[in-house]
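Working notes, structure below.
Labels below follow one simple rule: chain letters A, B, ... track the order of the sequence lines, proteins then strands, and each chain is numbered from 1. Everything numeric here is computed off the predicted structure, so don't read it as measured data.
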2 protein chains.
Amino acid sequence: MALDLIFHALADPARRTMVERLSRGPASIRELAAPLDMSLSAVIQHLHILEASGLVHSEKVGRVRTCHIEPQVLSSAEQWFAERKASIEHSLDLLGKYLEEHPDEHPDEHPDKHPEEPDERNR
Amino acid sequence: MALDLIFHALADPARRTMVERLSRGPASIRELAAPLDMSLSAVIQHLHILEASGLVHSEKVGRVRTCHIEPQVLSSAEQWFAERKASIEHSLDLLGKYLEEHPDEHPDEHPDKHPEEPDERNR
DNA sequence: TCAATAGTTAAGCATTTACTTCACTATTAT
DNA sequence: ATAATAGTGAAGTAAATGCTTAACTATTGA
């Protein structure tokens, strides 16, 4: 699926740096490589992954390859989040309505919202 | 970085299926596993990755662990796209202004927008 | 009490990643 | 013509992934 490739492409910090750079305008491979602490070869491999996802497109003129982002593909990934959020809100709506219609069936609701929250984040 | 873990978590179709399910409401591990063609063990491993990213949280009551999404984390990932799009629009604005101020310096502009576009997508 | 249910961990394994270096091509500048 | 520049591809490697099966614990129902 397309989202597999897109999210995988964006999961790498070097590739996100490249996309962030390209969001500010087209760039050559060397320009993309400049802030990255790795070989040019590695950058080209990252570029291949970005191109395979459709997020980036490039064309070579003379000896320089100019890369640019594909905003539509970026939007298509963004849309997945919008759909999730819509889903979440829908289910919360349903829950709200249910609670309205059954006012007496949950007397022990929220006995204590945050009972000192025993630091679960440092697992 | 947090985005590394979040995008990596979302790059897998099984994990996205799990998140999609959780967007419709909390679920046990078995419920998450139901549509997936893999062992329960594998699903738990995917859950670990989702939890490590912060996208999903879970708690065990009796012998069932109930999982739910963390909408804020979903939003934090979504925001990265919003920032990219803002960046892109900003640079297009600058380009537009530049072209307005220098009307004669690009006479060969768009000689042919799509010269039959020799199928570059089936590389 | 005993069995079914729900979950969990460890170990193993094939595949994929994320690099590296090296050798090499094409283009442009001197 | 030569050298510098820009980019490429192949091969190798260490680590991370995405599973599997098997052994096990804890909870609940009959």
Side-chain angles (χ1 to χ4, degrees), chain A residues 1-22 25-69 120 122-123, chain B residues 1-22 25-69 120 122-123:
Chain A
M1 193 174 192
L3 286 180
D4 286 27
L5 296 178
I6 295 172
F7 285 135
H8 171 245
L10 296 178
D12 185 275
R15 290 194 290 264
R16 277 202 310 282
T17 298
M18 291 168 77
V19 169
E20 285 163 12
R21 169 62 188 80
L22 292 176
S28 70
I29 291 182
R30 296 193 104 76
E31 287 171 321
L32 290 180
L36 302 175
D37 188 26
M38 63 180 70
S39 71
L40 241 202
S41 201
V43 173
I44 291 172
Q45 288 170 51
H46 281 304
L47 178 62
H48 287 336
I49 290 172
L50 287 169
E51 291 196 294
S53 77
L55 282 165
V56 171
H57 191 258
S58 75
E59 49 207 310
K60 200 167 178 177
V61 171
R63 68 183 163 182
V64 2
R65 176 174 296 276
T66 301
C67 312
H68 58 85
I69 8 149
E120 285 193 277
N122 33 4
R123 278 172 297 145
Chain B
M1 196 176 192
L3 286 180
D4 286 28
L5 296 179
I6 294 171
F7 285 135
H8 170 245
L10 296 177
D12 185 276
R15 290 193 293 263
R16 277 201 312 282
T17 297
M18 292 167 76
V19 169
E20 285 163 12
R21 169 63 187 79
L22 293 176
S28 69
I29 291 182
R30 295 193 104 78
E31 286 171 323
L32 289 180
L36 301 174
D37 188 25
M38 64 181 70
S39 70
L40 242 201
S41 198
V43 173
I44 291 173
Q45 288 171 52
H46 280 305
L47 178 62
H48 287 337
I49 290 173
L50 287 169
E51 291 197 292
S53 76
L55 281 166
V56 171
H57 190 257
S58 76
E59 50 207 311
K60 200 168 178 175
V61 170
R63 68 184 165 182
V64 1
R65 176 173 296 279
T66 300
C67 312
H68 58 85
I69 9 150
E120 285 192 276
N122 34 4
R123 271 175 296 147

Kindly say whether A:L10 contributes a backbone atom to a donor-acceptor pair with the side chain of A:R15 at under 3.5 angstrom?
no
Please report the distance, rounded to the nearest Å, between CD1 in A:I29 and C1' in D:dT5.
13 Å
The residue, B:Q45 or B:K60, whose nearest nucleotide of DNA chain C is more 5′ is B:K60
Please work out which of the three classes, parallel, tilted or perpendicular, describes the rings of B:F7 and A:F7, given edges at 30° and 60°.
parallel
For atom CG of A:D12 and atom P of D:dA16, their distance in whole Å
14 Å
Check the distance between D:dT8's C1' and A:E51's CD and give it to me in whole angstrom.
13 Å
Just how far, in rounded Å, is P of D:dG18 from CG of B:D37?
16 Å
Does A:S28 make a side-chain donor-acceptor contact with the base of D:dG7, cut-off 3.5 Å?
no
For the backbone of A:L40 and the side chain of A:R30, can you confirm whether one donor and one acceptor N or O come within less than 3.5 Å of each other?
no
Side chain to side chain contact (heavy atoms under 4.5 Å, CB included) between A:L32 and A:H46, worked out:
CA-CA 10 Å; A:L32 290 180; A:H46 281 304; over 6 Å; no
Reckon B:R30 touches a base, only the sugar-phosphate, or nothing at all at heavy-atom distances under 4.0 Å?
base
Considering every strand and a 4.0 Å limit on heavy-atom distances, what is the contact class for A:I44: base, sugar-phosphate, or nothing?
base
Nearest heavy atom decides the nucleotide; on that basis, is B:R65 or A:R15 closer to the 5' end of DNA chain C?
B:R65
Is any side-chain N or O of A:H48 closer than 4.0 Å to OP1 or OP2 of D:dG9?
yes
To the nearest 0.5 Å, how far apart are CD in A:E20 and CD1 in A:I69?
11.0 Å
Distance, rounded to the nearest Å, where B:L5 contributes CG and D:dA16 contributes P:
13 Å
Covered region of DNA chain C, 5' end to 3' end, by chain B [heavy atoms, under 4.0 Å]
C:dA4 to C:dA10
Taking only N and O in the side chain of A:R63, is any of them less than 4.0 Å away from OP1 or OP2 of D:dT8?
no
Go through the N and O atoms of the side chain of B:S39 and the base of D:dT21, and report whether any donor-acceptor pair is under 3.5 Å.
no
Send over the distance from B:L40 CG to D:dT20 P, rounded to a whole Å.
11 Å
Where do A:V56 and A:M18 land on the side chain to side chain contact (heavy atoms under 4.5 Å, CB included) test, with the steps shown first?
CA-CA 10 Å; A:V56 171; A:M18 291 168 77; over 6 Å; no
Does the pair A:L47 and A:R65 meet the rule for a side chain to side chain contact (heavy atoms under 4.5 Å, CB included), with working shown?
CA-CA 11 Å; A:L47 178 62; A:R65 176 174 296 276; 4.2 Å; yes
